[in-house]
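Here the structure comes first, spelled out in structure tokens, and everything after it is commentary.
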Amino acid sequence: MRIPFTKMQGAGNDFVVLDETRASYHLRPEHYRFLGDRRYGVGADQILTVRPATQPGVDFAYVIHNADGGEVEQCGNGARCFVRFVQEQGMTEKARIRVQVQHGVIELEALPDGSVTVDMGAPRFDHAALPFVPGSLMHRTVGQAELWQLPLSAGGRTDTVEVALVSMGNPHAVLLVDDVMNAPVEAVGRAVQALPAFPSSVNVGFLQVLDRGHVRLRVYERGAGETLACGTGACAAVVAGIRQGLLDPSVQVDALGGTLRIDWQGAESPVLMSGPATTVYHGEIDLPEHPWLPEVSKVAA
Ligand SMILES: N[C@H](CCC[C@H](N)C(=O)O)C(=O)O
């Protein structure tokens with residue numbers, strides 16, 4: 001099956017965008033894995049699909065699959081690319097659109113300077129929202145945040161990391177680090193994701209606070225590994241920092257791949273995210289009915 005796609009990126013988090021507003025391709029997880037593969041397919045952290053809205057007062061539906069083929073609830077950098085895509089494709093005349101995702105509706109606005117602002121909705125902290133199953137894990141309270149002590153066994157040693165938990169529709173565990181560039185992102189990220197406390201896995205953020213309005217962040221994402229930027233991860237990290245009394249309501253987030261701005265007034269207010277969204281190229285790909293990919297474990301990441 002030959003399908004058109006658009007390659008896009010937001011602060012280095014990259015996407016394959018598919019238009020299913022006229023017809024569905026009826027893709028399976030193996031197809032999304034193939035599209036996301038950087039050797040056999042197009043290569044991307046996530047695959048974003050535009051579908052017709054199924055509820056009133058909404059312009060489009062927005063479906064997200066990680067590179068591992070799994071469908072997920074939300075993608076912030078992808079949302080900015082989503083609105084850029086539907087505008088460039090002439091699918092809407094609006095500068096501000098409402099888009100339905102798994103857990104609700106988000107509002108996206110493309111600004112004249114080329115950046116895009118997204119109302120990502122309010123964060124949630126209840127364990128069911130992630131989900132998080134604490135079992136016998138210990139925690140302490142700092143400011144408004146519960147900080148959970150997670151035992152990680154790596155290399156025969158058991159260390160403990162302390163995380164704040166935030167749901168942006170998708171699950172995030174955020175830990176504070178002194179030097180994000182030397183943080184053991186993959187080792188700790190994988191170990192946290194493997195814990196039974198996270199039955200649906202989790203995105204793991206490594207947050208370095210530079211001052212009350214400026215942070216550095218790296219994220220080991222569920223279903224994609226470390227990405228150059230994570231929009232929902234930036235939202236979750238800033239919310240976690242504000243709740244611990246470390247950050248002001250408006251924060252510049254420096255990710256490896258670019259800069260995002262996150263604003264949150266606390267409590268039930270929505271998290272607002274601003275940042276870049278770029279179309280890289282348009283293409284077509286012959287998608288095999290039964291794509292073959294090597295075992296990831298045998299192939300260097
Ligand atoms: N890996 C995430 C989805 C993509 C999030 C990220 N790319 C963003 O910009 O928010 C998850 O499994 O929840």
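Positions are given from 1 along the sequence. Remember, it's 1-based here, ligands and their atoms both numbered in the order they're listed. In this text the structure is predicted, and so the values were computed from the model without any measurement.
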Please state whether T227 comes within less than 4.0 angstrom of ligand 1, counting heavy atoms only. no

Please state which protein non-hydrogen atom is closest to atom 9 (O) of ligand 1 and give its distance, to 0.1 Å? G231 N, 2.8 Å

Linking I/L/V/M/F/W/Y whenever their side-chain heavy atoms sit closer than 4.5 Å, directly or via other members, would Y40 and M1 fall into one cluster? yes

Regarding ligand 1, does E73 bring an N or O atom to under 3.5 Å of one of the ligand's N or O atoms? no

Is there a path of hydrophobic side-chain contacts, each under 4.5 Å between heavy atoms, that joins L293 and I285? yes

How does N13 reach ligand 1, by side chain, by backbone, by both or by neither, if only non-hydrogen atoms under 4.0 Å count? side chain

Closest protein heavy atom to atom 5 (C) of ligand 1, given as residue, atom name and distance to 0.1 Å: E221 OE1, 3.5 Å

Heavy atoms of other groups near M138 CE, more than 12 under 6.0 Å: no

Atom 2 (C) of ligand 1: the protein heavy-atom neighbour that sits closest, reported with distance to 0.1 Å: N203 OD1, 3.3 Å

Between ligand 1 and G223, can you find any atom pair, the residue atom being a heavy atom, that is separated by under 4.0 Å? no

Check whether any side-chain heavy atom of D19 sits under 4.5 Å from a side-chain heavy atom of Q89, and report yes or no. no

Electrostatic pair E289:R28 at N-O distance under 4.0 angstrom: yes

Looking at E268, I'd like to know if its CD atom is crowded, meaning that more than 12 non-hydrogen atoms belonging to other residues, nucleotides or ligands lie closer than 6.0 Å. no

Check for a donor-acceptor pair, side chain of D68 on one end and backbone N or O of G70 on the other, with a separation under 3.5 Å. yes

At less than 4.0 angstrom from any non-hydrogen atom of N77, what atoms of ligand 1 do you find? 8 (C), 9 (O)

If you count heavy atoms of other groups shown closer than 6.0 angstrom to CG of D286, is the number above 12? yes

So which heavy atom in the protein is nearest atom 10 (O) of ligand 1, and how far is it from that ligand atom? T232 OG1, 2.6 Å

Where on N66 is there a heavy atom closer than 4.0 Å to ligand 1, on the side chain, on the backbone, on both, or on neither? side chain

Using heavy atoms and a threshold below 4.0 Å, how should the contact between D45 and ligand 1 be classified: side chain, backbone, both, or neither? neither

Contacting atoms of ligand 1, where contact means under 4.0 angstrom from a heavy atom of Q74: 3 (C), 4 (C), 5 (C)

Applying side-chain hydrogen bond (donor to acceptor under 3.5 Å, both in side chains), run through Q252 and D254 and close with a yes or a no. CA-CA 6 Å; Q252 176 181 318; D254 292 349; 2.8 Å; yes

For ligand 1, which atoms have a heavy atom of G76 less than 4.0 angstrom away? 8 (C), 9 (O), 10 (O)

